[in-house]
Protein chains: 2
Amino acid sequence: MPRNARRTTLADIAQAAGVSVATVSKVVNDRGDVAPRTRARVQELLHQHHYLAPVFRHTESVEGPTIEVQFKGGLKSYVAETLEGIIDSAAESGASVVISRASRAPHWARDLVSAGRRAVIAITSVYTTTHLNELARAGLPLVVLDPLHLPDNRVNSVGATNFAGGLAATQHLLSLGHRRIAYLGGPTMAVCNQARMHGYRAAMEAQGAPVRDAYVRPGEFTYETGLLGAVALLDLEEPPTAIFAGNDEIALGAMEAARTRGLRIPEDLSVVGFDDTSLAQMASPPLTTVRQPLREMGGAALRTALRLANGEKVESHHIELATELVVRASTAPPRGATSAHR
Amino acid sequence: MPRNARRTTLADIAQAAGVSVATVSKVVNDRGDVAPRTRARVQELLHQHHYLAPVFRHTESVEGPTIEVQFKGGLKSYVAETLEGIIDSAAESGASVVISRASRAPHWARDLVSAGRRAVIAITSVYTTTHLNELARAGLPLVVLDPLHLPDNRVNSVGATNFAGGLAATQHLLSLGHRRIAYLGGPTMAVCNQARMHGYRAAMEAQGAPVRDAYVRPGEFTYETGLLGAVALLDLEEPPTAIFAGNDEIALGAMEAARTRGLRIPEDLSVVGFDDTSLAQMASPPLTTVRQPLREMGGAALRTALRLANGEKVESHHIELATELVVRASTAPPRGATSAHR
DNA sequence: CTGAAAGCGCTTACAG
DNA sequence: CTGAAAGCGCTTACAG
């Protein structure tokens with residue numbers, strides 16, 4: 001709002017609506033005794049004039065809008081790095097970031113609105129139709145980061161080019177001369193996992209490399225999935241010479257499985273991760289991985305959230321940022337092979 | 001505040017102070033034309049009666065107090081895990097957590113107060129006397145996590161038993177039969193680093209093991225410090241057989257340095273970390289480390305912050321939680337030695 | 001430096 | 001279902 005513009009008062013709205021201040025007050029406070037049509041007209045005007053109840057004025061004027069970031073499960077590197085992007089973008093825009101675990105108490109969306117939040121950003125959260133309805137009723141915009149579900153056009157989301165990333169990771173291994181490449185992935189239901197896996201399949205098929213059923217194992221995006229999955233893969237009669245992991249944590253689990261078998265990385269087994277969290281740089285050997293621009297994704301989510309909070313329209317309900325293969329020391333040609341290309 | 005108790009009004013304060021409502025209003029709004037003594041008396045009463053200006057009421061009533069958590073540098077595992085503890089404790093208490101990078105704009109403390117924050121928790125932040133004065137003037141309580149400076153009794157802080165942790169880590173290595181043990185630490189100025197280092201020295205001296213100057217290297221709490229420091233140590237004429245690292249990141253850097261030299265862990269070199277972040281569990285081999293109860297420390301900091309925000313006194317201005325050695329696979333007896341004790 | 005008085009924005013009990 | 005009127009909590013221009 002312009003610096004000198006007087007703030008909209010109930011009297012302004014009353015005048016515009018041709019009703020008394022008392023009636024407008026009742027609408028604002030959700031009292032029952034207002035005719036539906038009057039209520040609707042007044043609500044429309046309140047919205048048009050950006051009326052803000054006194055209790056909310058403080059938040060708005062002093063600190064700019066507040067955005068709620070919700071995550072589910074642990075505050076892992078993936079979440080932390082995305083959050084860092086959100087925080088830095090918010091600082092640039094003068095917005096505040098409240099962080100909490102996703103909760104599904106009754107009326108949670110309405111509670112967030114009354115607590116002054118202007119939008120929600122969800123990292124690693126699941127949203128059902130019920131939740132979306134609750135948000136819509138509360139008038140609270142939602143931006144989902146790396147959605148687990150298929151983009152619904154009622155939801156705004158920010159992701160990365162997972163298919164292209166899966167393709168690049170697998171092509172890298174193929175170009176090193178690997179043919180027996182396994183995919184150790186996340187949940188079958190997660191679209192990001194599906195896209196990575198199909199990128200892997202596409203690369204394999206393009207090269208005429210067979211994808212055996214036993215080489216594709218879904219799981220969770222966790223270290224345990226990597227550890228157990230890799231043990232199972234290495235137990236196969238014809239074990240893979242390379243593993244493409246659905247994320248960095250899975251890759252680290254796979255590396256540890258190899259180590260306990262006395263296999264060296266990358267000499268005996270190549271491993272590629274996904275995300276390029278700080279875990280990848282600090283692994284030993286440093287992990288070849290597909291970089292997701294997590295900070296940029298966080299920044300994009302924050303800016304989208306602010307625009308929606310402002311009532312602006314957004315060009316597209318889904319934005320996808322580019323992934324990039326980062327080659328480090330966990331990949332090499334397979335034992336005894338001479339590198340196919342380079 | 002009790003559910004039925006009427007909220008304190010300016011009239012209540014005016015009556016208690018024996019002045020007019022107008023005068024109290026002036027004090028609340030920091031206008032100049034009030035006698036210093038009158039102002040002081042009124043301020044005292046406002047505080048005693050927990051008077052809240054209308055603009056702040058919303059925050060308080062709907063969502064409970066808001067605590068600002070500030071960090072400096074990256075949102076690393078150490079910070080993320082502590083933050084997780086803060087978030088979960090806040091959820092239990094009905095408090096909200098705003099997260100931001102430490103900023104030192106003029107009047108930052110006053111701005112935080114006007115933005116409705118009731119306390120600040122600082123992770124990995126440096127506070128000078130100037131900052132403390134600014135906080136004091138704004139009436140904003142501060143809790144520092146794992147303070148870099150010596151506990152000042154104007155500051156409330158939460159830490160861990162760093163000396164005992166350094167002692168336990170070193171004793172573990174000594175008991176495996178190591179004598180040539182190096183300490184690869186963080187900043188010389190950081191008290192937590194000093195305590196860990198003196199724990200190391202104490203254990204060495206108790207065992208009659210010499211501490212060579214070249215074996216004690218300060219640095220930053222980063223992977224690079226570990227990588228470069230370990231390279232330098234391994235280049236010594238008599239390299240150490242074990243490295244005690246000031247935190248997990250340094251330990252991972254040291255592990256990578258060993259790997260690039262063709263040394264195996266723990267056969268050729270033992271490494272112990274500090275913190276027990278998720279990095280330690282996911283390292284390959286999994287890292288023996290000194291656990292700091294980061295989530296519990298975060299919880300303790302949040303609860304202290306809430307009590308201070310409430311105007312309650314706190315028993316001690318510094319709380320220290322216990323560390324614990326977690327033995328994993330990165331430590332073993334030195335090459336060719338038979339384990340001294342067990 | 002203080003406070004009586006006017007006034008602002010809002011809410012609510014009540015008459016119609 | 002509506003609004004005139006009383007009232008609440010607060011602020012401010014101004015007289016003393």
Side-chain angles (χ1 to χ4, degrees), chain A residues 1-63 110 113-116 139, chain B residues 1-63 110-111 113-116 118 139:
Chain A
M1 123 156 39
R3 227 166 155 26
N4 296 348
R6 196 173 50 79
R7 149 156 277 135
T8 308
T9 66
L10 289 195
D12 298 332
I13 304 293
Q15 165 132 49
V19 296
S20 73
V21 173
T23 301
V24 179
S25 172
K26 285 175 199 168
V27 173
V28 167
N29 295 290
D30 251 335
R31 308 204 144 262
D33 52 351
V34 182
R37 296 199 41 189
T38 312
R39 175 185 302 276
R41 185 153 41 93
V42 170
Q43 252 159 357
E44 176 60 24
L45 284 163
L46 286 165
H47 193 253
Q48 269 176 31
H49 289 75
H50 297 108
Y51 177 79
L52 250 198
V55 275
F56 290 119
R57 284 183 193 161
H58 169 250
T59 313
E60 290 304 300
S61 55
V62 185
E63 49 163 342
R110 223 168 297 205
V113 172
S114 12
Chain B
M1 129 155 39
R3 228 169 152 26
N4 296 347
R6 197 173 48 81
R7 151 157 276 135
T8 307
T9 65
L10 289 197
D12 298 332
I13 304 293
Q15 164 131 50
V19 296
S20 72
V21 173
T23 301
V24 179
S25 172
K26 285 174 200 168
V27 172
V28 167
N29 294 292
D30 250 333
R31 307 203 147 264
D33 52 350
V34 182
R37 297 198 40 188
T38 311
R39 175 185 301 277
R41 186 154 41 94
V42 170
Q43 254 160 355
E44 176 59 23
L45 284 163
L46 287 166
H47 192 252
Q48 269 176 32
H49 289 75
H50 298 108
Y51 176 79
L52 250 198
V55 277
F56 291 119
R57 287 191 188 155
H58 169 249
T59 313
E60 290 304 299
S61 55
V62 185
E63 49 163 338
R110 222 171 297 209
D111 289 348
V113 171
S114 12
R118 298 289 303 275

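Convention: sequence-line order gives letters A, B, ...; per-chain numbering from 1.
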Q: Between B:Y51 and D:dG9, does any side-chain N or O lie under 4.0 Å from OP1 or OP2?
A: no

Q: So, taking the atom named NE2 in A:H49 and the one named OG1 in A:T9, what distance separates them when rounded to the nearest 0.5 Å?
A: 9.5 Å

Q: Starting at CZ of B:R31, measure out to OG1 of B:T23 and round the result to the nearest 0.5 Å.
A: 12.5 Å

Q: To the nearest Å, give me how far apart CZ (A:R39) and P (D:dT2) are.
A: 10 Å

Q: Mind calculating the distance between CD (B:Q15) and C1' (D:dG9) to the nearest angstrom?
A: 15 Å

Q: Short question: side chain of B:R39, backbone of B:D30 - any donor-acceptor pair under 3.5 Å?
A: no

Q: Starting at CG of B:L10 and ending at P of D:dG9, how long is that distance when rounded to a whole Å?
A: 9 Å

Q: When you measure from the side chain of A:S20, which nucleotide among C:dT11, C:dG3, D:dG3 comes out closest?
A: D:dG3

Q: Hey, does the side chain of A:T23 come within less than 4.0 Å of D:dT2's phosphate (OP1/OP2), counting only N and O?
A: no

Q: P atom, D:dA13 versus D:dG9: distance in rounded Å?
A: 23 Å

Q: Tell me the interatomic distance from B:D30, atom CG, to D:dT12, atom P, rounded to whole angstroms.
A: 13 Å

Q: Please work out if B:A35 contacts a base, only the sugar-phosphate, or nothing of the nucleic acid, heavy-atom cut-off 4.0 Å.
A: sugar-phosphate

Q: Among the nucleotides D:dT2, D:dG3, C:dC1, which one has an atom lying closest to any side-chain atom of B:P36?
A: C:dC1

Q: Which whole number of Å gives the distance between the P atom of C:dG16 and that of C:dT12?
A: 22 Å

Q: Report the stems of DNA chain D as range-with-range entries sorted by first number; a stem here is at least three consecutive pairs, Watson-Crick or G-U wobble, both distances under 3.5 Å, and write none if there are none.
A: C:1-3 with D:14-16, C:5-12 with D:5-12, C:14-16 with D:1-3

Q: Please name the pair of heavy atoms, one in A:A14 and one in A:V24, separated by the smallest distance, quoted to 0.1 Å.
A: CA-CG2, 3.6 Å

Q: Just jot down the side chain to side chain donor-acceptor pair (under 3.5 Å) partners of B:Q15, sequence neighbours excluded, or say none.
A: none

Q: Take the protein atom CZ of A:R41 and the nucleotide atom P of D:dC1, then report the distance between them rounded to whole Å.
A: 14 Å

Q: Kindly point out which of C:dT12, D:dT12, D:dG9 is positioned nearest to the side chain of B:T9?
A: D:dG9

Q: Please test A:L45 against A:Y51 for side chain to side chain contact (heavy atoms under 4.5 Å, CB included), starting from the C-alpha separation and ending with a verdict.
A: CA-CA 8 Å; A:L45 284 163; A:Y51 177 79; over 6 Å; no

Q: I need the NZ-P distance between A:K26 and C:dT12, as an integer number of Å.
A: 11 Å

Q: With a 4.0 Å cutoff (strictly under), does any side-chain N or O of B:S25 reach OP1 or OP2 of D:dG9?
A: no

Q: Assign each of B:D33 and A:V21 to its nearest nucleotide of DNA chain C by heavy atoms, then name whichever residue's nucleotide is nearer the 5' end.
A: B:D33

